[in-house]
Amino acid sequence: MQNKYNPHAIERESQQYWIEQRSFRAVETPGKPKYYCLSMFPYPSGKLHMGHVRNYTIGDALSRYHRMRGFNVLQPMGWDAFGLPAENAAMANRVPPAQWTYDNIAYMKKQLVSLGFAIDWERELATCKPDYYRWNQGLFLRMLEKGLVYKKTGTDNWDPVDQTVLANEQVIDGRGWRTGALIEKREIPMYYMAITRYADELLAALDTLPGWPERVKTMQANWIGKSTGVRLAFPYALDGRDDRLWAFTTRADTLMGVTFCAIAAEHPLATRLARDNPQLAAFVDECQRGSVMEADLATMEKKGMPTGFFVAHPLTRERIEVWVGNYVLWGYGDGAVMGVPGHDERDFEFAKKYRLAIKPVVDVKAKPYSTDAWQPWYAEHGACVNSGQYDGLAYDAAVNAIAADLAAKGLGEKQIMWRLRDWGISRQRYWGTPIPLVHCAACGDVPVPDAQLPVVLPEDCVPDGSGNPLAKRADFVNCTCPKCGQPAQRETDTMDTFVDSSWYYTRYACADQNNAMVDKRVAYWLPVDQYIGGIEHAILHLLYSRFWTKVMRDLGLVKLDEPFSNLLTQGMVLNKIYFRKNNDGRITYYNPTEVAITPGTGSVGTVGPSVTVALTGVSTTGAVGAVAASTLKTDGQPVESGGIGTMSKSKNNGVDPQSLIEEYGADTARLFMMFASPPEQTLEWSDSGVEGAHRFLRRLWDYCARNESAIRFRDSSVRVNDWAKEDGRLRASRGEMHKILQQANFDYARMQFNTVASAGMKMLNALEKLPVDTTPLNANLPLQSFLNPKFQLMNESVGILLRILSPIVPHITHALWKELGFETQYGEILTAEWPEVDQAALIQDEIELVLQVNGKLRGNMRVAKDADRAEIEQLAMQNANVQKHIGGQP
RNA sequence: GCCGGGAUGGCGGAAUUGGUAGACGCACGGGACUCAAAAUCCCGCGCCAGCAAUGGUGUGGGGGUUCGAUUCCCCCUCCCGGCACCA
């Protein structure tokens, strides 16, 4: 064999071998246990980044590990190919999104292949292809028939200059990212999927997912947000009509403490009242500006304006003034809240600010109550006070009594409220699945008949930032009404790209099926046994996928309640963010590789390197590198630091693994990523340590090359059958090997690959430290009596080492496995039996014991493995250091 | 703001059920080899005191439970992810 490790040659050769052998083609094999291992498919942004390498190496290691454990493994790959960045690239480069996307896919596929992932490429799919998205359209129509898709108005960001809808990401500090114009909220008709109808099941079924991380289940449960309360009405009369203002509350027990009502600016009552009140109209207008994001709404200053209009308290008929509040969410409940400043923090602040009455109506258990300042205990449950007939009632009793009294008047009832909102899927964007509807002047919105699917998206549009380019395509828009045959217009909105990713895992099972969305192969492969992807998808993508699975089940397409049995949420790979604010207010992001960091002058130089870090840590912006100056390499001018964040296209802080692969090879890139940290942990990018990973692989190769003939040793005539009779030093070494194997097995089971890599390093260290004696212990025996067992141990250990490493570094282990003849011993490494721990080898002659006095370490000692308790205690008491420290004890 | 997570040497991290904190690796220091460099190998490496033996101290900060806490409980700080049109 070659005596030098040549990663590029062996990686080319092993990848070639896998392709020729079609090693990773998955075939439905009834009776064999299947393992569907799926990593979240990438958005084809241009190049892979380190987050991808991390994600797909984890998935690949699990796939390869399970293949060796005897499973029939499916590991597919595809492309989440619709989306906004393609349109941005189109604007920047005047290239159609389709071309940009397909070019990226070709490049990134090459990168994935060069990393040696065990993917069945025959099942590859891209969501931007008609043979995929036609089934989005098909299911959309089925859902429309069932009433699971409906139309209503929704709010979006409107850029008045470009006359276009913007994504939240394109709104920066309330302004359009390209125009700098103040963004307005706009209400437009959109299609919604009725995910709230599944809220109950989506919540309850979380308990059926033991293979999901608790944190993800908690996040989903909180997102769905089931709360039990009372929906109640404040009656009023307006325009000669009796009407009611509805509001939901979980604190009906505080109803007697209501001192105002607040409604959202979008509330119809606000719109009506603003008609006669220019000041209110201006305020409603002001509320309509700015971002639609909840994070912005929740952090902005709480403002309100009295309407001068009064509603009646549902029980006391007391007059309650209606306010418009910018903090009231139109999307939650009825877009109105009853204001109880006495026991709700937000209402309290609002009341203080606008000098509204604060009326405590709950006994806060002897803790002080003052209307001067909010205290957390004001919101606690307690007996009603100041509440007339309800005085003295505890929370549950009060809610029940008040709900009953409201019900008697027809002004309210107990209700379950969900935080979850229906899923608006309409996007006023080009690069997505066309919504299959036709607008006819005579027939209204008409679904496109199945026979006319797919509604194909033209692939040659080049968006320019103003409006939806589809609307400008007469050849797309103009059509005939499927119902009446008269000229009509196609819907130009496309679907949210989350629709595409909500069911792709199903399609991999039958990617070549052109006559149906799914076929019987789905029943074989699904559910996904192991899903791997970033923690950022903990809520939306995973919730939408669960929803679609249940919809497909109820439409009779699959027999499946949940799509993903086990979930591993990978931690984000972070990198520094650098940017400049241009004169026109736009922001340019610079890749950290383009930025030079020069250490600051002054104090830093005098305090030494260990303090520099601390100094940067307390910088005014909280950003790393604020003491040091960051400048752009190309022009030497300063750039601003945006702290650290997820590697992404939009922040331009991704690191392309290509240079790593080219310099060190794929195995080093994979090993380095796995060794850097456990999979679920956030990881700040740094390439220090790459050398170490590469050095280990080189050492592994060198060791095998140097000891080739010894490792090959397996003369069955002198084979050791009873290790207990062999040299103690060899037995100890063998015990160490099996202990390390046990650790690696444990770590594979818990998917902690950094310590698997560490186990491999320990094993090589142990191999290199095997006793080197060249003379037999017993002079009467030939040298062989020591060397035979030693060589056999080397053969056994290297065989174990290559197998435990192969899921992580498949190329070098593939090559060494062949070179050292293990193939004839165990078969191909891809399917070689996983090594098992020899429990007998783990038994040690002596055990090390640690001596603690009052929990503090005071010494250690070695005892025979069969020493009894009395013997051990006696020895421990003899220890001088122990004596010293128990001397003063009573 | 709300929801979820995190913080351990100069750095990435390990510690499986509350029981030797710092495995493994990086960086660094010293040595061997070399004309020299690289590569490789050997030794050292939390902090403070000490020649050493050893002692003290130490897992973001503060408090608590325990014979014993990185691990369990309470409070706080900072960082990361999500917040429904980035994917």
Side-chain angles (χ1 to χ4, degrees), chain A residues 40 42-43 45 80 82-85 88 154-157 165-171 213-216 218-223 225 292-300 302 327 331 346 419-429 496-498 501 534-541 543-544 569 571-572 574 609-610 612-613 617-618 622 643-646 648-651 672 675-678 680-684 686 688-693 695-696 698-699 702 743 746-747 749-750 752 754-755 757-762 765 768 848-857 859-860 881:
Chain A
M40 290 181 186
Y43 176 78
S45 55
D80 188 14
F82 276 137
L84 196 55
N88 296 340
T155 315
D156 60 23
N157 306 302
V165 171
L166 296 184
N168 284 338
E169 194 192 41
Q170 297 171 317
V171 180
E214 283 305 322
R215 60 168 165 165
V216 173
T218 307
M219 280 192 260
Q220 291 216 349
N222 290 340
W223 183 264
V292 299
M293 287 170 72
E294 194 185 313
D296 293 334
L297 297 174
T299 47
M300 71 189 177
K302 283 161 196 59
Y327 67 96
R346 272 192 320 193
R419 209 190 75 94
L420 181 69
R421 308 202 293 257
D422 276 342
W423 174 14
I425 59 146
S426 292
R427 299 288 180 271
Q428 297 70 45
R429 243 175 279 297
D496 180 3
T497 56
F498 273 124
S501 56
I535 183 68
E536 78 274 23
H537 293 297
I539 296 172
L540 292 181
H541 161 62
L543 194 61
Y544 292 148
T569 43
M572 302 283 82
L574 310 180
S610 63
T612 313
V613 175
V618 296
I644 53 172
T646 310
S648 73
K649 180 101 190 153
S650 58
K651 297 279 190 289
F672 167 64
F675 187 55
S677 82
E680 299 202 299
Q681 197 163 305
T682 302
L683 176 65
E684 199 177 326
S686 155
S688 79
V690 175
E691 282 286 351
R695 193 175 299 150
F696 167 69
R698 214 161 48 212
R699 271 179 58 214
D702 288 350
Q743 179 69 51
F746 178 78
D747 290 335
R750 63 173 176 166
Q752 186 169 292
N754 55 327
T755 44
S758 158
M761 292 171 185
K762 284 179 187 173
N765 290 347
E768 285 180 329
E848 188 180 15
L849 288 181
V850 170
L851 305 171
Q852 282 184 20
V853 179
N854 287 333
K856 278 196 181 288
L857 173 72
N860 45 28
N881 211 20

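Everything numeric here is computed off the predicted structure, so don't read it as measured data. Every chain is numbered from 1, with letters handed out A, B, ... down the list of sequences. All heavy atoms count here, side chains included; hydrogens, waters and symmetry mates do not.
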Exercise. Is the shortest heavy-atom distance from the side chain of A/L84 to the side chain of A/E169 under 4.5 Å?
Worked result: yes
Exercise. Say you pick atom P in B/rC42 and the same atom in B/rC74; how far apart are they, in whole Å?
Worked result: 48 Å
For this session: Could you check if the base of B/rG9 is syn or anti? Syn means the glycosidic torsion is within 90 degrees of 0.
Result: syn
Exercise. Just checking, is any N or O donor in the side chain of A/T646 or A/S648 under 3.5 Å from an acceptor N or O on the other one?
Worked result: no
For this session: Determine the interatomic distance between C1' on B/rC11 and the same-named atom on B/rG19; round to the nearest Å.
Result: 29 Å
Exercise. A/Q681 and A/S677: which non-hydrogen atoms are nearest, and at how many Å?
Worked result: O-OG, 4.1 Å
For this session: For A/Q170, answer base if it contacts any base atom (sugar-phosphate contacts may also be present), sugar-phosphate if it contacts only those atoms, and nothing otherwise; contact means non-hydrogen atoms under 4.0 Å.
Result: nothing
Exercise. Of all the choices, B/rA23, B/rG25, B/rC85, which nucleotide is nearest to the side chain of A/S758 once you look at every atom?
Worked result: B/rA23
Exercise. What is the nucleic acid contact for A/W423, judged by heavy atoms within less than 4.0 Å: base, sugar-phosphate only, or nothing?
Worked result: nothing
Exercise. Checking all strands, does A/M300 fall into the base, sugar-phosphate, or nothing category for heavy-atom contacts under 4.0 angstrom?
Worked result: nothing
For this session: Give one of base, sugar-phosphate or nothing for A/R699, where a contact means two heavy atoms less than 4.0 Å apart.
Result: sugar-phosphate
Exercise. Using atom P of each nucleotide, how far apart are B/rG46 and B/rC24 to the nearest Å?
Worked result: 13 Å
Exercise. Starting at CE of A/M293 and ending at P of B/rC85, how long is that distance when rounded to a whole Å?
Worked result: 10 Å
Exercise. Roughly how many Å is it from CD1 in A/I535 to P in B/rG6, rounded to a whole number?
Worked result: 10 Å
Seminar exercise, completed: Nearest heavy-atom approach of A/Y43 to A/G83 is OH-O, 3.8 Å
Exercise. Using atom P of each nucleotide, how far apart are B/rU54 and B/rG22 to the nearest Å?
Worked result: 15 Å
Exercise. Whole-Å distance between B/rG81 P and A/L543 CG?
Worked result: 21 Å
Problem set entry | Integer-rounded Å distance: B/rC80 C1' and A/I539 CD1 | 15 Å
Exercise. How many Å lie between CZ on A/R215 and C1' on B/rC83, as a whole number?
Worked result: 17 Å
For this session: Could you encode protein contacts along nucleotides 14-21 of chain B as a string, one character per nucleotide from 5' to 3', using B for base contact, S for sugar-phosphate-only contact and - for no contact, with a heavy-atom cut-off of under 4.0 Å?
Result: SSB--BBS
Exercise. How do A/D702 and A/L540 order along RNA chain B: which one's closest nucleotide is nearer the 5' end?
Worked result: A/D702
Exercise. Expressed in angstrom and rounded to an integer, what is the separation of A/Q220 atom CD from B/rC83 atom C1'?
Worked result: 14 Å
Problem set entry | A/F82 to A/T497 - nearest heavy-atom pair and separation | O-CG2, 3.3 Å
Problem set entry | Nucleotide of B/rA27, B/rC83, B/rG12 approaching A/R695 most closely (side-chain heavy atoms) | B/rA27
For this session: Pick the C1' atom in B/rG61 and in B/rU77, then give their distance to the nearest Å.
Result: 7 Å
Exercise. Can you check whether A/T497 has a side-chain N or O nearer than 4.0 Å to OP1 or OP2 of B/rC85?
Worked result: no
Exercise. Taking the P atom of each, how far is B/rC51 from B/rC67, in whole Å?
Worked result: 39 Å
Problem set entry | Heavy-atom check, side chain of A/I535 versus side chain of A/M219, under 4.5 Å | yes
For this session: Give a yes-or-no answer on whether the side chains of A/T755 and A/D747 include a donor-acceptor pair shorter than 3.5 Å.
Result: yes
Problem set entry | Selection from B/rG4, B/rC86, B/rC85 that lies nearest to any side-chain heavy atom of A/E169 | B/rC86
For this session: Take atom CG of A/L683 and atom P of B/rA7, then tell me their distance rounded to the nearest Å.
Result: 14 Å
Exercise. Contact class for A/F675 (heavy atom, under 4.0 Å): base, sugar-phosphate, or nothing?
Worked result: base
Problem set entry | Residue among A/V292, A/D296, A/N157 satisfying side chain to side chain contact (heavy atoms under 4.5 Å, CB included) with A/V171 | A/N157
For this session: Identify whether any heavy atom of A/R421 sits under 4.0 Å from a base atom; if not, whether one sits that close to sugar-phosphate; answer base, sugar-phosphate or nothing.
Result: base
For this session: Using the C1' atom as the reference point in each nucleotide, state the distance between B/rU71 and B/rA14 in Å, no decimals.
Result: 14 Å
For this session: May I ask you to say what A/L420 touches in the nucleic acid, namely base, sugar-phosphate or nothing, with a heavy-atom cut-off under 4.0 Å?
Result: base
For this session: Could you tell me whether the phosphate oxygens of B/rC83, OP1 or OP2, come under 4.0 Å of any side-chain nitrogen or oxygen in A/N168?
Result: no
For this session: Measure distances between side-chain N and O atoms of A/E536 and base N and O atoms of B/rC86, and say whether any donor-acceptor pair falls under 3.5 Å.
Result: no
Exercise. What is the nucleic acid contact for A/Y327, judged by heavy atoms within less than 4.0 Å: base, sugar-phosphate only, or nothing?
Worked result: nothing
For this session: Looking at every strand, decide which applies to A/A295 at a 4.0 Å heavy-atom threshold: base, sugar-phosphate, or nothing.
Result: base
For this session: Under 4.0 Å between any heavy atoms, over every strand shown, what does A/S501 touch: base, sugar-phosphate, or nothing? Just pick one.
Result: nothing
Exercise. Where each residue is assigned the nucleotide of RNA chain B containing its nearest heavy atom, which of A/M219 and A/E294 is assigned the position nearer the 5′ end?
Worked result: A/M219
For this session: Using a 4.0 Å heavy-atom cut-off across all strands, classify A/V165 as base, sugar-phosphate, or nothing.
Result: base
Exercise. Rounded to the Å, how far apart are A/N222 CG and B/rG82 C1'?
Worked result: 12 Å
Exercise. Do you know which two heavy atoms are closest between A/N88 and A/Q170, and how far apart they sit?
Worked result: OD1-NE2, 3.7 Å
Exercise. Is the closest side-chain heavy-atom distance between A/I644 and A/K651 below 4.5 Å?
Worked result: no
Exercise. Across the strands shown, which category fits A/G645 at heavy-atom distances under 4.0 angstrom: base, sugar-phosphate, nothing?
Worked result: sugar-phosphate
For this session: Under 4.0 Å between any heavy atoms, over every strand shown, what does A/H537 touch: base, sugar-phosphate, or nothing? Just pick one.
Result: base
